[in-house]
**Q** 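Before I ask anything, here is the structure I am working with.
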Amino acid sequence: MTVALAGKDIGPQIEKALPGSVLESAPGYVMLKPEFLVQAATFLKNDPAMAFDYLNFVTAVDYYDYFEAVYQVTSMTHNHTLMFKTRCYNRVDPVIPSIINVWQGADFQEREVYDLLGVYFEGHPNMKRIFLWEGFEGHPLRKDYL
Amino acid sequence: MKLHFGNGLLKGMLVTIKQNLRHPTVTQYPEQRLNTSRRIRGQELVWNKTRCTGCATCAKACHQGAIQIVTATNTENNKYEVETYRVDTGYCIQCGICVEACPYDALFMGARYEKAKYRRAELVENKEQMADSLDRPVSGYFHPERAEKLPVQTLLVEKINEDRSKE
Amino acid sequence: MGLAISFWILAAVAVIAALGVVLLNGVFRSALALVACFLMVAGLYITLSADFLAAVQVLVYVGAISVLIILAIMMTRNVQHGNPGNRFALPSLIIAILLLGIFVYAVTGTQWNISKIAPPDTTVATLADKLFASNGFVLPVEIAALMLLAAVIGAIVLARDK
Amino acid sequence: MALHTEPFILNIGPVHPSTHGVFRIRATLDGEVIVDIEPVFGYLHRGVEKLAEQRTYTGIIPLTDRMDYITSMSNNLAYVLAVEKLAKVKVPERAEYIRVIMAEMQRICNHLVAAGAFINDCGAFFTPFLYMFREREKLMDLFEMVSGQRLTYNYMRVGGVSQDLPAEFLPALRKFLKEMPAHIAEYERLINDNEIFLARSRMIGILPKELAINCGISGPVARASGVKWDLRKADPYGIYDRFEFDIPTGTVGDANDRYTVRIAEMKQSLRIIEQAVEKIPAGPVISDVPKVLHPPVGEAYGHLEGPKGELGFYLVSDGGIAPYRFHVRPPSLINLTALRQMLIGWKIQDAITIFGSIDITMGEVDR
Amino acid sequence: MTELFANPWFHWAFYTVLLISFALGAVMGLIYIERRGMGRMQSRLGPNRTGPFGLLQAVADAVKVLLKEDIVPANADKVVHWLAPIVAFVPVLLIFAVVPFMNGAMLADLNIGILYVFAIGSISSVGIFMAGWSSSNKYSLLGAMRDVASIVSYEIPLVLAIIGVVILAGSLSTNEIVKAQANIPFILLQPLGFIIFFAAACAEINRSPFDLLEADSELVAGFHTEYSGMKFAMFYLVEYAEALAMCAIISTIFLGGWQGPVLPPWLWFLVKTFGMFYVMVWTRTTFPRVRIDQLMALAWKFMLPLALINIVVTAIEVVIWPTPAGLPWVLIIVNFAVAGILIVTWSRLMKYGWGRVETTLR
C-alpha cells in the first residue's frame with residue numbers, strides 16, 4: 001500500500017534543508033514558496049530518505065485570488081507519495097518556475113496548464129499552447145472564462 | 001535462444017490457413033440480426049404518459065440538457081398535466097441517467113437502434129412520438145422486470161460454439 | 001520494308017529523345033527522355049537481330065542506370081523544378097561542337113565493311129560460345145568481373161560513414 | 001566522406017492511418033531517418049475538464065466514458081474511486097468484485113486493441129488485428145449485457161455499480177475464460193516468432209528505465225522497460241490485495257517488449273477474473289448514496305492502474321453539487337513525453353511502429 | 001485453321017486480343033481471390049453482395065472508380081502525372097507475350113524469353129516513380145524512392161535465381177523451359193531458386209511483405225496517393241496484372257507450366273497460376289512489412305549470396321549428372337538439403353534487425 005506522507009512531517013524536513021522555503025505544512029500537502037520550488041523538488045528527488053523519482057501529475061487550480069499549482073510525487077523505492085503545492089498571486093501574468101529539469105514528465109502537463117489556465121512556467125524550453133491553437137484568446141479553465 | 005530460420009513465418013502461415021476450416025465470425029447484418037442486450041440503451045427514450053407526474057427529475061438529471069418538460073394546470077378539468085415533453089435525441093448521449101433518476105418508473109430506454117434521420121429537426125421527439133407503444137419496444141435498462149420479458153442476448157462466445165457443434 | 005520503317009521511327013524518336021535530354025526544362029523530364037532514348041536504342045538493336053543485347057540494354061540501362069539517375073534527382077530537392085542554367089553554358093557548347101565535328105569527321109572518313117553473313121539464329125548460344133568457350137574470351141571476362149568487384153568495394157568504402 | 005541529403009519536413013497526420021486518431025507529428029527527415037519531431041495535439045480537444053465543472057458528480061461519469069473510449073470501464077472506475085475518496089463512501093463487497101471483473105475485462109479489451117493495432121502498424125495486413133478484435137467483440141458483448149452499451153458503458157456509480165450482473169453473465173464469462181487462453185496461444189503462434197515481426201520490433205524504440213521513470217511513464221510501457229510498478233500491487237485500491245497475480249516486466253524496453261508485456265498482462269488479467277468469479281459474494285451492489293452528491297470541501301486524488309497506465313483524477317470540491325476543479329491525469333498524454341527521444345534516429349517505418357507500441361487514444365490525450 | 005495461324009498477322013491479332021482480354025479477365029479473378037481468400041483467412045467472408053458469391057464485386061469497383069472525378073494536384077507535373085499510369089501499364093501487358101498457355105501457344109517464342117520478361121518488367125517501375133515524383137506529394141515521393149531502391153536491389157537476385165533453371169533447361173525460351181519439365185517440375189530441383197525467386201518477385205511487384213512503396217500504415221498509399229478515378233484504376237490494374245504475370249512466370253519456370261496429367265494444358269497453366277497467386281495472398285495475410293533497410297539487407301546479404309551459391313551448386317550437379325534418367329531422386333534430396341542448410345546458416349547471420357542493430361538511444 002502506498003503511504004501518503006503527511007505534509008506535516010515532510011514540511012519541516014524541507015524547511016530544514018532549505019530554510020524559508022515552506023509556507024504551510026498541512027496534513028495533506030506541503031505549501032512551498034514558488035522561488036524555492038525547483039530547489040525543493042530537487043531535494044525531494046535526490047534525498048535518499050525521500051527519493052521521489054516519479055511525478056504523478058502537475059496541475060493548477062484557479063482560486064480567483066491566486067493560482068495554485070499542485071504536484072503529486074511518488075517514490076518507487078520507498079512506495080510513498082506526497083503532494084506539494086505552490087501559489088501565484090499574480091492574475092494577469094502568473095509565473096511559476098518549471099520543474100521540467102527535475103522530472104521530465106512535467107513537460108506536456110505544464111504546457112497543458114499554461115494552455116488552459118495561463119500559468120507560465122519559467123524555464124520550460126517549449127512553453128507554448130498544447131491543445132488550443134496559437135492565437136486563441138484567453139485560457140478556458142480559468143473561472144472567469146465564459 | 002530460439003532458432004529463427006523462417007520457422008516463425010511458417011508457423012504463422014499455418015495459423016492463417018487453418019482459419020479456412022473455421023466458421024467466420026460474421027453476421028450478415030440486414031438479413032441476420034443478433035439479439036441485443038436486454039439492457040440496451042437504444043437510440044430513443046420511451047415515456048409513459050400515465051405514470052409521469054411532471055416532476056422534471058429527468059430533466060434535472062440530464063446533464064446534456066436534452067429533455068424539455070413543461071407542466072401546466074388544465075383549467076377545464078382542473079388537473080396538473082404535462083404540456084410538453086420533448087427530447088432532442090441529437091443531444092442525447094444515451095447514458096441512461098434520466099431513466100435511473102425517474103422516481104415513478106415513467107421513463108425507459110428504447111430497445112431499437114436504427115434511428116438514422118435525414119434532418120436535425122426530426123431528431124426532436126415530442127410527447128406523441130415518445131409514447132409507449134407496440135412498435136417501440138422498451139429496453140430493460142434499470143427495469144429488471146421488463147428485462148425478463150425480452151429475448152436473451154445473442155453472445156458471440158456462445159454463437160461460435162453452436163456453429164462449431166453443427167459442423 | 002517493315003524493318004526500314006521501324007528503323008526510321010526508332011531512330012527519329014531516339015534523336016528527339018536525346019535532344020529532349022538536353023533541351024527539356026526540368027531535370028526529371030530530361031531523365032525520362034533519357035529512358036525513352038535507351039528504349040529506342042534497344043529497339044534498334046532488335047532490328048539488327050541482336051535480341052540479347054536489346055534485352056540487356058533495357059535491363060541494365062532502363063532498369064538500373066536511369067533508375068539511379070532518377071533516384072539522385074529525387075534526392076536533390078532544389079533542382080526539382082526547372083533546369084538551372086550555369087556559367088559553363090558557353091564552354092560546354094564549344095566542347096559539344098568540337099566533339100560533334102570529330103564524330104562527323106570520323107564517321108564520314110571511315111570505310112564501313114558490311115558483313116554478308118546472315119545473323120546467327122540464336123544469339124545467346126553464339127555469345128556464350130564466344131565468351132566462355134576454351135578459345136573465347138574467358139580471361140577478359142573474369143578480369144572485368146574482378147575489376148567491377150574492386151569498384152564495388154571501393155564505392156562502399158568511400159560512401160561509408162566513419 | 002559522408003553523403004548528406006537536405007532535411008525534408010514530413011507531416012504525419014493529423015489524418016493518417018497510423019496515428020490512432022487525430023494526432024500530428026511534424027517530422028524532419030534526413031532521407032528516411034528522423035532527425036527531429038514535434039508532436040502536435042489538440043485536434044480532439046473537447047474541454048472535458050471545463051465541462052465537468054458544470055455537471056453533477058454522477059453526470060460526469062458519461063464524460064469519462066468518452067475520454068479514452070477504448071477503456072471506458074476503467075475510466076469510470078478511476079473517477080468513481082476519486083469521488084469515493086473525496087466523499088468517503090463505502091462500497092459493498094459484491095460491487096468491489098464486479099468492479100475488479102470489469103476492470104480486468106477492460107484491460108484485456110484494451111490490450112487486444114493495442115496489440116492488434118501495433119502489429120497492424122508493423123504492416124501486417126489486418127489479420128492479427130481482426131483476430132484480436134474477434135475476441136474483443138466477445139468482451140464487448142459481455143459489457144453490453146451488463147451495461148447496455150458496447151463502448152460507452154457508464155456503469156460505475158459512486159458507491160458501487162449501477163445495476164447488478166444479469167443472471168446469464170457469469171456463465172458466459174466462464175465460457176470466455178475457458179476459451180481465451182487458446183486464442184492468446186493462437187496470437188502467439190501467429191506473430192510472436194515471426195522473423196519479420198521480430199526484425200521490425202526488437203531493439204526498436206528503446207526506452208531506458210531511468211528515462212521512463214523520469215518522464216512519468218506508467219503502465220505496460222514502463223513495465224516493458226523494467227519498471228516493476230503496478231498500482232494494483234503498489235497501492236492496491238479496491239480489493240486487489242486479495243488476488244494473486246504477477247507483474248510481467250520486459251528487459252530491454254523495446255517495442256517487442258511492450259507487445260509481449262501486454263500479452264502477458266492479458267493472461268494475468270484472466271487469472272484475476274477467474275479468482276474473482278470464484279469468490280464473488282451475493283449482496284447489494286450499491287451503497288446508500290444520495291442521488292445528488294455534496295462531497296465535503298476538500299481535494300482528493302484517486303488513481304488506478306488503467307490499461308494504458310496510471311489513470312488518475314484530481315478533484316477539488318467546494319461543497320457544491322459539481323466539482324470545483326476536475327483534473328485528469330491522462331496516461332496516454334504522459335506516456336508520449338519521451339516520444340521525441342524514442343523516435344529520433346529511427347526511420348519513418350520504425351517511428352510508426354514505436355508510436356503504435358506506446359498505445360494511446362487521442363480522446364484521452366486531448367480530452 | 002492451322003494455315004490461318006501460320007499467317008503471322010493473324011497470329012499477332014489473335015494473341016494480342018486474347019492476351020489483353022486474358023489479362024483483364026484474370027485480374028478480376030485475382031481481385032476476387034484476393035479479397036475472398038483473405039477474408040476467409042481473417043475469419044470473415046469478404047465481399048459477397050454483388051452478384052452471385054460476390055463475383056461481380058470487381059466489376060462494381062471498376063465502374064465506381066471509372067465514374068470518379070479525375071483529380072490532378074495543383075503543383076503536379078501534369079504531363080508526367082498523366083503519362084505515369086500508361087507507362088506503368090503497357091510493359092505489364094507486354095510480359096504476357098512470352099507466357100506459354102499451351103505448347104507453343106504464345107504470342108512470340110523469343111529465344112531470350114526469360115530475359116525479356118525482366119527487361120520489360122523493369123520499365124514498369126519507371127511509371128511508378130514517374131507517378132511518385134509528379135504528384136508533388138511527400139508521401140508519394142518517399143514511396144517512389146523506396147520503389148527505386150527495391151527495384152535496383154531485387155532485379156539482381158530475381159535474375160540470378162532463374163539461372164539455375166536456365167542451366168537445367170539449357171534455354172532461355174519459356175516454351176523450351178516448360179518442355180524441359182516434362183518429367184519433373186523445376187521446383188523440386190531448384191527449391192532454393194524457387195524461394196529466392198518467389199520472394200524477389202514479391203518485392204519486384206511490391207506485394208506484401210515487401211509492399212513498402214504503398215505501405216498503408218506509413219505512407220498512406222505511397223506513389224498513388226494523389227491518383228483518383230481512371231488513372232488510379234490503371235495503377236490498380238498494374239498491381240494485379242504484375243502479380244498475374246509473375247505468377248504465370250513462376251508457374252512456367254518452376255511448376256511445369258502447362259505440363260500435367262489428365263487436365264487440358266491451358267487449364268493446368270491457369271490452375272498453377274491462380275494457385276501461386278493464392279500463396280501470395282496467403283503470405284500477404286500473414287506477414288508484417290519489412291523495413292526499407294531490411295529489404296535491402298535481405299536482397300544483398302541473403303538472396304544474392306544464396307542465389308550465387310545456388311548457381312554454382314546447380315552447375316556442378318549438371319556436370320556430374322548430365323542427363324538424369326527418370327526421377328532424379330539424388331538430385332532432389334541433395335538440392336533440398338543444400339537449400340535447408342544454406343537458409344539455416346544464413347538466417348543465423350540475419351538475427352536481430354537483420355544485420356543492423358541500433359542499440360544506442362539518441
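All chains are named by letter (A, B, ...) in the order of the sequence lines, taking the proteins before the strands, and each is independently numbered beginning at 1.
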**Q** Measure across Ser122(E) and Leu59(C) and return the closest heavy-atom pair with its distance rounded to 0.1 Å.
**A**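 Of all heavy-atom pairs spanning Ser122(E) and Leu59(C), the closest is OG-CA, 4.5 Å.
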**Q** Measure Val87(E) against the heavy atoms of chain C and call it side chain, backbone, both or neither at under 4.5 Å.
**A**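 Interface part for Val87(E): neither.
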**Q** Answer with side chain, backbone, both or neither: which region of Val67(C) has an atom nearer than 4.5 Å to a non-hydrogen atom of chain E?
**A**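 For Val67(C), backbone and side chain are both near chain E.
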**Q** Counting heavy atoms not belonging to Lys78(E), are there more than 12 under 6.0 Å from its NZ?
**A**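 For Lys78(E), atom NZ is crowded (more than 12 foreign heavy atoms under 6.0 Å).
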**Q** Minimum heavy-atom separation for Ala55(C) to Ala119(E), with atom names?
**A**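 Taking every non-hydrogen atom into account, O-CB, 3.5 Å.
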**Q** Do you know which of Leu83(E), Val79(E), Val80(E) makes side-chain contact (heavy atoms from CB on, under 4.5 Å) with Leu32(C)?
**A**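 Checked Leu83(E), Val79(E), Val80(E) against Leu32(C); only one passes side-chain contact (heavy atoms from CB on, under 4.5 Å): Val80(E).
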**Q** Leu115(E) and Phe52(C): which non-hydrogen atoms are nearest, and at how many Å?
**A**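 Smallest interatomic distance, heavy atoms only, reads CD2-CE1, 3.3 Å.
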**Q** In the structure I gave you, are the side-chain heavy atoms of Val58(C) and Ile123(E) within less than 4.5 Å of one another anywhere?
**A**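 Yes, their side chains come closer than 4.5 Å.
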**Q** Does atom CZ of Phe118(E) have more than 12 heavy-atom neighbours from other groups under 6.0 Å away?
**A**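 Yes.
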